[in-house]
Amino acid sequence: MQKGAADPAIKQKVLDYLETVEKAKSKEIAKAISEDKSAVDLAVKELSFEDKVEYLYITTTFIALKGKVAPPE
């Protein structure tokens, strides 16, 4: 696993990709942006702390832009 801060370029790629989908798993994001899953996980973690993305637990964990997916009724 990587140490230190996430690469800002990878963080931007994650945000750009999430603009195009409703939600995605981290391995799907990594494949779509051609980056290592560990680098994507670190970027998503930081983006979550920055309140730009959120984790969704819908039988499994998904990632989405903050507020993009409506809460269940």
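Throughout, residue positions are numbered sequentially from 1 according to the sequence presented. Excluded from the calculations below are hydrogen atoms, water molecules and symmetry mates; all remaining heavy atoms, backbone and side chain alike, are included. None of these values were measured; they are calculated from a predicted model.
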Less than 4.5 Å apart, any side-chain heavy atom of Glu19 and any of Leu65?
-> yes
Does a side-chain heavy-atom distance below 4.5 Å link Lys25 with Thr60?
-> yes
Shortest non-hydrogen contact from [X] toward [Y]:
X     : Y     : answer
Val40 : Ser26 : CG1-O, 3.9 Å
Ala43 : Val14 : CB-CG2, 4.3 Å
Ile29 : Ala24 : CG1-CB, 3.8 Å

The side-chain contact (heavy atoms from CB on, under 4.5 Å) partners of Thr20 (sequence neighbours excluded) come to Tyr17
Here the gap from Ile10 atom CD1 to Leu15 atom CG, rounded to the nearest 0.5 Å, amounts to 12.5 Å
Would you check if the side chain of Lys68 reaches a backbone N or O of Val21 as a donor-acceptor pair within less than 3.5 Å?
-> yes
Are the side chain of Asp36 and the backbone of Ser38 linked by a donor-acceptor contact shorter than 3.5 Å?
-> no
Residues in side chain to side chain donor-acceptor pair (under 3.5 Å) contact with Gln12, at least two apart in sequence or another chain = Asp16
Taking only distance into account, with no hydrogens and no angle test, what donor-acceptor pairs under 3.5 Å do side-chain atoms of residues 44-56 form with protein atoms, sequence neighbours excluded?
from, atom 1, to, atom 2, distance (Å)
Glu46, OE1, Lys11, NZ, 3.2
Glu46, OE2, Ala6, N, 2.7
Glu50, OE2, Lys11, NZ, 2.6
Asp51, OD1, Lys66, NZ, 3.2
Glu54, OE2, Gly67, N, 3.1

